[in-house]
*Asks:* 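Just dropping this structure here.
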2 protein chains.
Amino acid sequence: MHIVKDYDERKAEFLDTAMGLFLERGYDETSVNAIIEAVGVSKGAFYHYFATKEDLLDELAARAAEQAMALTAPVVEDPELSAIEKMNGMFARTNAFKARNRELMVTLARVFYSDRNALLRARMTRRSVEATAPALARIFAQGNAEGAMKVRHPEQTAALVLELGASVVSGFARKLGEIDSDPTIADELLLSMDVYIESVERILGVASGSLKLVDDSLVSVVRAATQTKGKKEKKDD
Amino acid sequence: MHIVKDYDERKAEFLDTAMGLFLERGYDETSVNAIIEAVGVSKGAFYHYFATKEDLLDELAARAAEQAMALTAPVVEDPELSAIEKMNGMFARTNAFKARNRELMVTLARVFYSDRNALLRARMTRRSVEATAPALARIFAQGNAEGAMKVRHPEQTAALVLELGASVVSGFARKLGEIDSDPTIADELLLSMDVYIESVERILGVASGSLKLVDDSLVSVVRAATQTKGKKEKKDD
DNA sequence: ATATTACCAACCGACGGTCGGTACATACCA
DNA sequence: TGGTATGTACCGACCGTCGGTTGGTAATAT
């Protein structure tokens, strides 16, 4: 038997399947054999498309970063919006996306939870910081010009804010994983989020309360995640 | 042949040797076989002391965090000092340590440079944040009481500041690794450091310029690192 | 003498990756 | 229209190495 497919189609098939498995079981714990079995092809086919297993991981991270960019591009490029409106718009868009893809987000939280996925996480964070920082820096510069922000070094600050966001998400997810059935954890998580927002406001020198980075939809995702985790007591191995 | 050593002594031997190899070649790229060969013992001996390879990594991270704590403890516990003095004292001590152990620091920068060491990095960061955050939170509370700081949630903010520091160091090290022989890179690194300090000042609500987190000794370490990197063009395989 | 600890080294299954070869699509020539 | 040449998608047995296991032995303590 010998099924032949279009190059891009097959490649996407590998990428999608691998992403699913990585989210499920982690990068290290997902073998190339598992991937080719899931796709239904041979080992040779895999190495026809990717030089190494890590190469696939890289392409995955790049793709994710691209998609994240595409999500916020319309807001970032809108000349009508003020810097603060752009920031709020960016977060509103990503929050809406998170709410729309609740299950994916809860699963993705797991990736960020476990150190198992440290490599996957590092790659994804780096790629998305690199992709997003320039646009964010431009927003900061605009904010300075508008008098709404006081950012002395937009580029460095943009990277810093994004890295900080990744750290917060990481700690966030860790809490999600560590709890067993603590109903108050959701509030604690939202508190962490608050601290992050206030910190960003202070870093940028914007008025307190002007950044609206959390909305009801994100809150509901958090609650859904905590409830999901609370329900299943020890379903894992 | 059968060499018997004291438990703690042999264990420390494993830890030290493994640390050296991890710093040199990375965690994943250092096999258990390489470790036992370097120590000069059998595989059974290794697994007599550590349940898994990751277990060793954990103990390594814990030990590093402990050492970092011990370094700053005298300052943190000094009742004579103000909160800001404590912070400056903590950094001064760690900077002095870095200056004293220049080579180790340059090597350590490599660990933070490459994604190869993502797991090692994640573990070390997590451990040291966990170990340091409570003390830092107490300093923040003290700063609030003294009227020098405005930190609404000391514990969460402490964790955030430490995570941010780790991110900055990470980006820092990446730059060190990416350059080939750019003499201006040192200035760029110090600028990043400046942005970090100013960000922390803003997050804590302290007066601008009151935090002295960088001194000449750290600057000299940075310069040494950039020069070292600049000299050896492509010695690595 | 016996139990416990410290260590040995052969061995295991699974892993990431390689390689010589095969099925298939397309293009060119008759 | 049929034959053949060429590049590419794919196959699957195989390789060395990995983390980890096991059954045992030498040293020490009781």
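Residue numbering restarts at 1 for every chain, and letters A, B, ... go by the order of the sequence lines. Everything quoted here is computed from the prediction, not taken from an experiment. Scope of the values below: all heavy atoms of this structure, side chains included, with no hydrogens, waters or symmetry mates.
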*Asks:* Output the rounded distance in Å from CZ (A:F50) to P (C:dT18).
*Replies:*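 Spelled out: CZ on A:F50 to P on C:dT18 is 15 Å.
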*Asks:* Rounded to whole Å, how long is the line connecting atom OH of A:Y27 with atom P of C:dG16?
*Replies:* 8 Å
*Asks:* Atom CZ of B:R10 to atom C1' of C:dT5: distance rounded to whole Å?
*Replies:*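 Value for this atom pair: 13 Å.
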*Asks:* B:D28 has an atom CG; how far is it from atom P of D:dT17, in whole Å?
*Replies:* 17 Å
*Asks:* Identify, between A:V32 and B:G40, the residue whose nearest nucleotide on DNA chain C lies closer to the 5' end.
*Replies:*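 It is B:G40 whose nearest nucleotide is closer to the 5' end.
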*Asks:* Are any of the side-chain heavy atoms of A:I35 and A:F50 separated by less than 4.5 Å?
*Replies:* no
*Asks:* Side chain of B:K43 only, please: which of D:dG12, D:dG20, C:dC15 is the nearest?
*Replies:*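 Closest of the options to the side chain of B:K43: D:dG20.
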*Asks:* Take the protein atom NE2 of B:H48 and the nucleotide atom C1' of D:dT28, then report the distance between them rounded to whole Å.
*Replies:*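 From B:H48 NE2 to D:dT28 C1': 13 Å.
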*Asks:* From the options C:dC15, C:dC7, D:dG19, select the nucleotide whose nearest atom is closest to the side chain of A:S31.
*Replies:*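 The closest nucleotide is C:dC15.
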*Asks:* What's the verdict on salt bridge (Lys or Arg N to Asp or Glu O under 4.0 Å) for B:R63 and B:E59, showing C-alpha distance, side-chain angles and the deciding distance?
*Replies:* CA-CA 6 Å; B:R63 205 175 65 156; B:E59 298 214 28; over 6 Å; no
*Asks:* If I take atom CG in residue A:N33 and atom C1' in nucleotide D:dC14, what distance separates them, rounded to the nearest angstrom?
*Replies:*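 Going from A:N33 (CG) to D:dC14 (C1'), I get 13 Å.
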*Asks:* Let me know the distance between NZ of A:K53 and P of C:dA14, rounded to the nearest Å.
*Replies:*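 Roughly 15 Å, once rounded to whole Å.
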*Asks:* Using atom OH of B:Y47 as one end and atom P of C:dC11 as the other, report the distance to the nearest whole Å.
*Replies:* 19 Å
*Asks:* How about B:E37: does its CD atom have over 12 heavy atoms from other parts shown lying under 6.0 Å from it?
*Replies:*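 No - once you tally the heavy atoms of other residues, nucleotides and ligands closer than 6.0 Å, there are 12 at most.
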*Asks:* Checking the side chain of A:S128 only, and the main-chain atoms of A:T125 only, is there a donor and an acceptor separated by less than 3.5 Å?
*Replies:*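 Such a contact is found between A:S128 side chain and A:T125 backbone.
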